[in-house]
> 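Below: one structure in structure tokens.
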4 protein chains.
Amino acid sequence: MVEPHGKGGRPRSEQARAAVLHAVDDLVVELGYSAVTLKGIAERAGVSRQTLYRWWSTKAEILLEASAIDARQELDVPPHDDPATHIAAYLDALIAFLTGSAAGTAYRALLGEAQHDAAVAELLRNSDPLGESAAAAIERALPGDALALPMPQATALLVGPVFFWILSGRATEALDSNQLTDEFIRLAGVISSGS
Amino acid sequence: MVEPHGKGGRPRSEQARAAVLHAVDDLVVELGYSAVTLKGIAERAGVSRQTLYRWWSTKAEILLEASAIDARQELDVPPHDDPATHIAAYLDALIAFLTGSAAGTAYRALLGEAQHDAAVAELLRNSDPLGESAAAAIERALPGDALALPMPQATALLVGPVFFWILSGRATEALDSNQLTDEFIRLAGVISSGS
Amino acid sequence: MVEPHGKGGRPRSEQARAAVLHAVDDLVVELGYSAVTLKGIAERAGVSRQTLYRWWSTKAEILLEASAIDARQELDVPPHDDPATHIAAYLDALIAFLTGSAAGTAYRALLGEAQHDAAVAELLRNSDPLGESAAAAIERALPGDALALPMPQATALLVGPVFFWILSGRATEALDSNQLTDEFIRLAGVISSGS
Amino acid sequence: MVEPHGKGGRPRSEQARAAVLHAVDDLVVELGYSAVTLKGIAERAGVSRQTLYRWWSTKAEILLEASAIDARQELDVPPHDDPATHIAAYLDALIAFLTGSAAGTAYRALLGEAQHDAAVAELLRNSDPLGESAAAAIERALPGDALALPMPQATALLVGPVFFWILSGRATEALDSNQLTDEFIRLAGVISSGS
DNA sequence: ATATAACCGAGACGGTACGTCCCGTCTTAGC
DNA sequence: GCTAAGACGGGACGTACCGTCTCGGTTATAT
């Protein structure tokens with residue numbers, strides 16, 4: 001993420017970096033995204049404000065760095081041989097990520113910010129855990145020519161309904177990953193299923 | 001938004017209300033959601049700050065009131081006899097709304113805010129132009145028992161992919177409403193189409 | 001010092017103004033001029049920082065307003081019939097002001113700042129307790145045509161040696177106001193004394 | 001300022017020292033005393049901040065070292081046989097120093113700082129170009145027993161009026177060194193003049 | 001008619017985060 | 001052991017907006 005540095009000079013404190021990332025993680029859970037301030041992060045991390053501004057530009061950038069790794073882990077499901085089982089497992093992971101996890105809360109906040117902040121939108125475009133994980137899950141379940149749609153559209157078809165359901169504030173109990181999987185496979189896997 | 005006032009006294013100034021709603025509409029286009037402030041709205045509208053706080057609680061509430069009517073209009077497509085044509089027309093309207101219109105920009109901003117602000121989430125739950133318009137379009141295209149899914153799931157299936165595509169910052173040129181319509185009808189209209 | 005205000009709006013809080021002036025007076029004694037900060041003044045006075053900036057521009061301006069009245073009082077000696085006695089009394093007051101008093105400490109700090117801050121210099125030029133008080137004392141002791149020098153030069157002659165002595169950090173015990181008075185009167189009062 | 005270093009090791013860089021003194025001289029003229037910062041000096045001199053702190057304690061100390069030599073030179077007037085001429089020449093040099101020269105500007109800034117910074121006051125007490133030069137000029141003009149006053153008082157009498165006039169921001173055109181000289185000699189040289 | 005009550009604008013209030021700057025210290029690598 | 005480079009925690013700067021609080025004035029209705 002960060003190069004060592006030019007030549008001379010004191011090296012960047014890895015301790016400070018870790019403290020910041022931990023602090024922002026804690027604070028976003030405790031207070032919610034909008035109540036997290038750079039001042040608050042600095043104080044919680046025991047770090048000067050200048051140090052924050054030296055290495056990050058915005059709250060969003062810090063939060064993204066703090067949650068990206070967790071996000072990828074949570075969305076990386078172990079492979080199943082049965083395509084439907086694999087897709088359903090992925091959808092369950094996706095639902096859990098978006099509704100229950102700290103990293104998912106951070107992701108939703110960042111995606112919200114991206115709707116009215118071009119810089120955040122750009123950040124997310126370069127680090128898109130949902131799109132990437134969905135593509136991986138589909139590739140695993142319906143490899144190669146078994147996919148009747150281009151991958152981007154396929155990911156939107158898979159992820160979109162869940163994504164809309166949750167972001168628009170609907171209750172999550174009604175989400176049935178098996179049903180969603182069936183629907184998806186019927187559309188996206190037409191070739192292999194012989195539709 | 002608020003109507004009654006005890007008994008006597010000066011009535012609410014409709015002129016002030018209209019000036020505020022216009023001002024917030026202009027400002028959110030000019031500056032973007034996050035740069036709009038209550039102070040700025042008051043100054044632009046030629047209204048005192050106290051008046052804002054008297055009738056609205058938050059920036060989000062004003063913006064919702066200012067954009068809700070436009071949103072409903074833009075998402076209300078004229079009926080077509082052919083189900084597929086009707087759905088496709090709705091999807092085109094949805095895409096235009098989310099990507100191009102002022103009301104859609106406001107909606108995206110509010111939905112973003114709702115991800116980390118429970119009050120805004122509550123507001124949106126009581127005024128959900130996407131869900132309602134999608135339900136209306138589906139009802140028109142696949143009325144009564146021709147729908148193989150419960151309506152909420154059907155709306156998510158119809159709206160979700162577009163919604164995810166746009167909110168996650170993908171280029172909109174690749175969106176093909178006819179293809180999306182086909183997919184939707186094949187899934188949601190299984191009964192009428194005989195699958 | 002400050003007009004009421006345009007027309008509408010909440011009037012300026014006299015309580016806040018007084019609290020600021022007291023706070024700055026206290027702080028400059030407790031901490032010394034350079035350790036007084038606008039932040040510190042605001043906190044001590046229980047006033048917001050914005051309120052300070054609304055009514056004053058700089059630390060110097062606040063301090064001047066806080067100490068000007070005291071300065072004038074301390075340098076306004078009761079009249080004596082004997083010219084030499086009056087001048088000597090004035091010199092004693094001047095020495096006490098410059099070395100011992102809070103207002104004098106503030107004055108010295110401001111005059112120091114004026115040496116490298118044109119804005120402070122301008123402030124002091126419009127509010128010059130030393131020059132004015134010295135002129136008054138001379139006028140009282142050697143009225144009208146009994147003064148052999150133009151008044152500005154006479155004030156410099158009277159005040160200058162004491163001023164230099166103290167500002168350049170010499171011990172004040174060696175200052176003899178009677179001797180200085182004699183010297184001054186021999187020069188400035190040549191006409192009346194018949195030289 | 002500091003010379004010795006244990007035994008071995010790299011010796012102090014004379015080049016760095018000179019660069020610092022030049023830099024501070026330039027900067028105090030360009031920006032004024034209060035806008036000069038140690039950071040700025042280091043950057044201008046191409047020297048690390050640590051090096052500054054190693055050899056000097058404060059901005060004032062650097063500035064004093066940078067300007068002391070110039071100050072002494074500017075206040076050291078060539079001798080005249082006539083006492084009045086010598087004193088007048090000294091006063092002209094003093095006026096030029098305090099109002100026009102870079103070293104004089106530095107001196108005024110330091111003296112201002114000394115009014116509220118005991119450390120700077122101590123520095124100046126150990127390096128008092130005004131007092132010393134004035135004493136030298138008086139000694140040259142009124143040597144030995146021709147002086148009716150103790151030397152410290154005599155210097156205050158000579159320097160004080162000019163000093164007050166300039167530091168209190170009065171226009172310098174009105175200063176007449178010949179008149180000031182006459183007054184001084186009438187008082188301080190009473191014995192020789194036979195008053 | 002005239003009180004009463006709720007509205008209106010203007011704008012000051014205490015509070016707090018912003019992003020920047022400099023402080024004095026510390027930690028590197030290089031000569 | 002000095003040097004340049006530059007990151008560190010700390011803290012004040014001046015600005016902006018928050019939500020609240022007076023002000024003086026302006027309408028309507030209810031007496």
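Computation of the quantities below employed the complete heavy-atom set of this structure, encompassing side-chain atoms and omitting hydrogens, waters and symmetry-equivalent molecules. Bear in mind that the values here come from a model prediction, so they are computed numbers and not experimental data.
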> How many Å lie between CD on Gln15(C) and C1' on dC21(F), as a whole number?
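That distance rounds to 13 Å.
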> Just call it for Gly40(B): base, sugar-phosphate, or nothing, with non-hydrogen atoms closer than 4.0 Å on any strand.
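Nothing, no nucleic acid heavy atom in range.
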> Return the value, rounded to whole Å, for the distance between atom CD of Glu14(B) and atom P of dT26(F).
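That distance rounds to 22 Å.
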> Measure the spacing between OG of Ser101(B) and CG of Asp70(B) and express it to the nearest 0.5 Å.
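Interatomic distance, Ser101(B) OG to Asp70(B) CG, rounded to 0.5 Å: 7.5 Å.
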> Is it true that, when you exclude Gln15(D) itself, more than 12 heavy atoms of the residues, nucleotides or ligands shown sit nearer than 6.0 Å to its CD?
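Counting neighbours around CD of Gln15(D), 12 or fewer heavy atoms of other residues, nucleotides or ligands fall under 6.0 Å, so no.
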> Identify, between Lys59(B) and Thr51(A), the residue whose nearest nucleotide on DNA chain F lies closer to the 5' end.
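The residue mapped nearer the 5' terminus is Thr51(A).
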> Starting at NZ of Lys39(A) and ending at P of dA12(F), how long is that distance when rounded to a whole Å?
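These atoms are roughly 11 Å apart.
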> If I take atom CZ in residue Arg17(A) and atom C1' in nucleotide dC8(F), what distance separates them, rounded to the nearest angstrom?
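The distance from CZ of Arg17(A) to C1' of dC8(F) comes to 17 Å, rounded to the nearest Å.
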> With a 4.5 Å limit on heavy-atom distance, are the side chains of Leu64(D) and Val120(D) in contact?
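Leu64(D) does not reach Val120(D) side chain to side chain.
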> Find out whether Ile41(D) and Leu27(D) are in side-chain contact, i.e. whether some heavy atom of one side chain is under 4.5 Å from a heavy atom of the other.
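A side-chain contact exists here, since the closest heavy-atom pair is under 4.5 Å.
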> Does any part of the side chain of Val20(A), heavy atoms only, come nearer than 4.5 Å to the side chain of Thr51(A), both counted from C-beta?
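A side-chain contact is absent here, since even the closest heavy-atom pair is not under 4.5 Å.
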> Under 3.5 Å, side chain of Gln115(D) to main-chain N/O of Leu111(D), donor-acceptor pair present?
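Checking the backbone N and O of Leu111(D) against the side chain of Gln115(D), a donor-acceptor pair under 3.5 Å is found.
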> Is there a side-chain contact between Lys39(D) and Glu43(D) in this structure, where contact means two heavy atoms from C-beta onward sitting under 4.5 Å apart?
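Side-chain contact under 4.5 Å: yes.
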> Out of dC22(E), dA12(E), dC8(E), which has the shortest distance to the side chain of Arg54(C)?
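Of the options given, the side chain of Arg54(C) lies nearest dA12(E).
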> In whole angstrom, give the distance that lies between atom CZ of Arg12(A) and atom C1' of dA5(F).
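Answer to the nearest Å: 17 Å.
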> Classify every nucleotide of nucleotides 24-31 of chain E by which part a protein heavy atom approaches to under 4.0 Å, writing B for the base, S for the sugar-phosphate alone and - for neither, in 5'-to-3' order.
BBBBB-BB
> Assuming nearest nucleotide by heavy-atom distance, tell me which of Val47(B) and Gly46(C) is located more 5' along DNA chain E.
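With Val47(B) and Gly46(C) compared, the 5'-side residue is Val47(B).
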> For atom CD1 of Ile69(B), is the number of surrounding heavy atoms from other residues, nucleotides or ligands below 6.0 Å larger than 12?
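No, the 6.0 Å shell around CD1 holds no more than 12 heavy atoms from other groups.
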> Does a side-chain N or O of Trp56(C) approach OP1 or OP2 of dG14(F) to a distance below 4.0 Å, or not?
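For Trp56(C), the contact criterion (side-chain N or O under 4.0 Å from OP1 or OP2 of dG14(F)) is not met.
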> Take the C1' atoms of the five end pairs on each side of the helix from dA1(E)-dT31(F) to dC31(E)-dG1(F), derive the two axes, and give their angle rounded to 10 degrees.
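Between the axes fitted at each end of the helix from dA1(E)-dT31(F) to dC31(E)-dG1(F) lies an angle of 10°.
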> Can you see whether Trp55(A) has Arg17(A) sitting over its ring - NZ or CZ less than 6.0 Å from the centre and within 45° of the normal?
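No cation-pi geometry.
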> OP1 or OP2 of dG6(F) less than 4.0 angstrom from a side-chain nitrogen or oxygen of Trp55(A), does that happen here?
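Indeed not, no polar side-chain atom of Trp55(A) lies that close.
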> Which whole-number value in Å describes the distance from Ile41(B) CD1 to dA16(F) P?
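After rounding, the reported distance stands at 18 Å.
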> Can you measure Glu43(B) atom CD to dC17(F) atom C1' for me and round it to whole angstrom units?
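These atoms are roughly 11 Å apart.
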